[in-house]
Number of protein chains: 2
Amino acid sequence: MKPMSQQTEQAYLASYNIKDYDVCLTSVDSVLFTVIHGELYTLLVRRANHPFLGVWGLPGGFIDVQLDEDLSACANRHLAEKTGVTPPYLEQVASVGNKTRDPRGWSTTVTYYALMAHAHCTTDIDSVDDVQWLPLQQTLNMELAFDHKQMIEQALARLQQKALYSLVPVYALPETFTLSELQQLHEVILGKSIQSKSFRRRIELADVLEETGELSQHKGKGKPAALYRVKEGAADYRFMRNLEN
Amino acid sequence: MKPMSQQTEQAYLASYNIKDYDVCLTSVDSVLFTVIHGELYTLLVRRANHPFLGVWGLPGGFIDVQLDEDLSACANRHLAEKTGVTPPYLEQVASVGNKTRDPRGWSTTVTYYALMAHAHCTTDIDSVDDVQWLPLQQTLNMELAFDHKQMIEQALARLQQKALYSLVPVYALPETFTLSELQQLHEVILGKSIQSKSFRRRIELADVLEETGELSQHKGKGKPAALYRVKEGAADYRFMRNLEN
DNA sequence: CATTAAAGAGTCCTAGAGACATTTAATAAA
DNA sequence: TTTATTAAATGTCTCTAGGACTCTTTAATG
């Protein structure tokens with residue numbers, strides 16, 4: 001074989017075979033968040049294969065070089081397999097790759113986090129026993145496959161940042177929701193309370209929500225709340241100031 | 001071969017061979033920024049191999065499963081090969097992976113950006129002709145290998161965000177520098193001018209720089225500027241408010 | 001009809017950025 | 001020696017938007 005630099009590109013590509021090289025494993029894993037009864041939940045999957053057979057871990061897996069067009073498509077494919085739907089918000093968090101995270105060898109995983117309304121997929125999940133919504137705090141105290149716990153923590157940290165300067169968390173709510181529900185969600189994500197006046201002020205300024213005109217189905221005392229839905233561009237809106245840390 | 005779920009994990013791992021699977025290419029590429037005469041430069045490398053033989057691209061390459069401990073080590077290895085030093089700041093930007101970006105097949109690359117003082121490596125680079133510092137604006141108008149131009153744009157966008165709410169850009173300066181130099185650098189990154197009073201106020205509040213006691217070697221008119229160096233933790237400091245966009 | 005609870009608006013305070021003027025310390029020209 | 005010039009560094013006022021707290025509105029409940 002001639003040195004590469006003297007081959008034509010065509011000849012090089014024709015003779016190129018990835019299996020001549022020591023390559024590493026590459027996978028995509030997602031942390032899917034939702035809110036159920038005012039608490040954050042993540043979707044976990046019980047592993048059906050070695051390694052970590054039977055252990056709970058994140059939905060995800062290897063890239064299928066036939067099926068997957070790109071990384072986000074790979075994330076969505078694995079999520080749709082487990083939930084039956086494609087979540088309305090998906091964002092790449094980071095990639096982790098090293099020698100030791102997978103016993104099979106050098107492995108890289110690209111982590112995404114996704115948000116969706118719980119109602120959208122509840123029926124698909126209740127019928128199987130290897131996919132489960134678990135409260136975030138509980139997942140952080142379980143033993144999880146690989147380094148998936150760190151990945152959840154990383155995704156949560158990212159979501160917390162977003163909750164300070166954006167309305168991205170809104171994608172964890174159903175299509176229509178009240179401002180109080182949205183504020184509660186931010187509070188749960190941040191683990192602290194927020195001044196509701198401040199919260200409403202900045203939402204009004206941002207102009208990324210619109211009133212549906214409907215009122216919430218109030219099942220208690222108190223004034224019924226107005227229902228809102230997100231406008232286009234809510235995911236991209238960024239406040240100039242963070243909420244206080 | 002028995003179904004995996006009935007094997008022991010040991011047996012599974014013993015029989016596992018990555019070459020039985022269709023895997024994808026995985027590489028790490030870095031956008032190394034520095035500032036020369038008040039302008040942003042990036043380090044480019046002329047490719048010695050197919051594909052894109054002879055075309056300029058980012059320093060980086062495949063993960064070496066023997067040499068590299070993890071992704072950042074891989075980034076640093078490739079950067080050190082080209083510059084002779086390990087840059088003082090390295091941050092992961094994002095990963096891009098799809099079917100089409102590499103003619104050899106499904107390929108994923110993890111992008112980092114790095115900052116360093118130009119002075120630290122200038123001698124190593126001037127002696128070779130396949131590694132070069134180029135003005136950022138020029139690199140954005142060149143044809144580059146793969147999707148490296150988009151990766152530079154992504155890295156720049158990240159650096160611009162950092163310039164709005166952190167002092168990370170300081171790592172592109174030499175060990176000691178003046179506040180005016182730092183402000184100029186932020187202005188070049190953001191492509192707009194900054195109120196120097198605002199800039200200095202927030203730096204004082206942040207408390208991440210310390211005066212060296214020295215004065216800059218003023219070679220013109222004007223009051224000589226005090227020299228500063230970064231304290232520990234400068235990379236992590238985050239202002240509550242962004243500079244105006 | 002009074003009570004209660006939640007939604008949501010009003011108001012003042014404050015931190016910190018923007019704008020712009022002023023002072024300081026050096027060099028160069030008169 | 002004095003005076004202009006230039007860049008660094010500071011003073012100070014304004015303005016924006018979040019924090020804290022109060023007050024009002026609205027509907028369910030007894």
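Protein chains get the first letters and strands the later ones, always in sequence-line order, with residue 1 at the start of each.
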Quickly work out the A/Ile194 CD1 to D/dA17 P distance and round it to whole Å.
18 Å

Would you say that A/Thr34 contacts A/Leu115 through its side chain, given a criterion of any heavy-atom pair below 4.5 Å between the two side chains?
no

To the nearest Å, how far apart are B/Phe239 CZ and D/dG18 P?
19 Å

Gap between atoms CD and P, on B/Glu204 and D/dA8 respectively (whole Å):
17 Å

Should A/Leu71 and A/Gln92 count as side-chain neighbours, where that means a heavy-atom distance under 4.5 Å?
yes

Do nucleotides 21-30 of chain D as a string where each nucleotide becomes B, S or -: B if the base has a protein heavy atom under 4.0 Å, S if just the sugar-phosphate does, - if no protein is that close.
B---BBSSS-

Run the ring-centre check on B/Phe199 versus B/His186 and record whether the distance is less than 6.0 Å.
yes

Send over the distance from B/Glu181 CD to D/dA7 C1', rounded to a whole Å.
12 Å

Side chains of B/Leu227 and B/Leu215, heavy atoms from C-beta outward: is any pair under 4.5 Å?
no

Distance, rounded to the nearest Å, where A/Leu182 contributes CG and C/dA7 contributes C1'
14 Å

Would you compute the distance between atom OH of B/Tyr228 and atom CG of B/Leu182 and round it to the nearest 0.5 angstrom?
10.5 Å

Quickly work out the A/Leu243 CG to D/dA20 C1' distance and round it to whole Å.
14 Å

C/dA6 P sits how many Å from A/Glu187 CD, rounded?
14 Å

Counting C-beta onward and ignoring hydrogens, is there a side-chain heavy-atom pair between B/Gln154 and B/Val96 closer than 4.5 Å?
yes

Is there a side-chain contact between B/Val31 and B/Leu43 (heavy atoms, below 4.5 Å)?
no

Rounded distance in Å - CD1 (B/Ile203) to C1' (C/dA17):
14 Å

Side chain to side chain contact (heavy atoms under 4.5 Å, CB included) with A/Val131: which of A/Glu81, A/Lys82, A/Arg46?
A/Lys82

What I want to find out is whether A/Arg229 reaches A/Glu210 closely enough, with some N-O distance under 4.0 Å, to be called a salt bridge.
yes

Within the 4.0 Å heavy-atom criterion, would you say A/Ser198 contacts the bases, only the backbone, or no part of the nucleic acid?
base

Could you go through nucleotides 13-16 of chain C and list every protein N or O atom that sits under 3.5 Å from one of its N or O atoms, giving the distance for each pair?
from: C/dA15; atom 1: N3; to: B/Arg241; atom 2: NH2; distance (Å): 2.8
from: C/dG16; atom 1: O4'; to: B/Arg241; atom 2: NH2; distance (Å): 2.9
from: C/dG16; atom 1: N3; to: B/Arg241; atom 2: NH1; distance (Å): 3.4

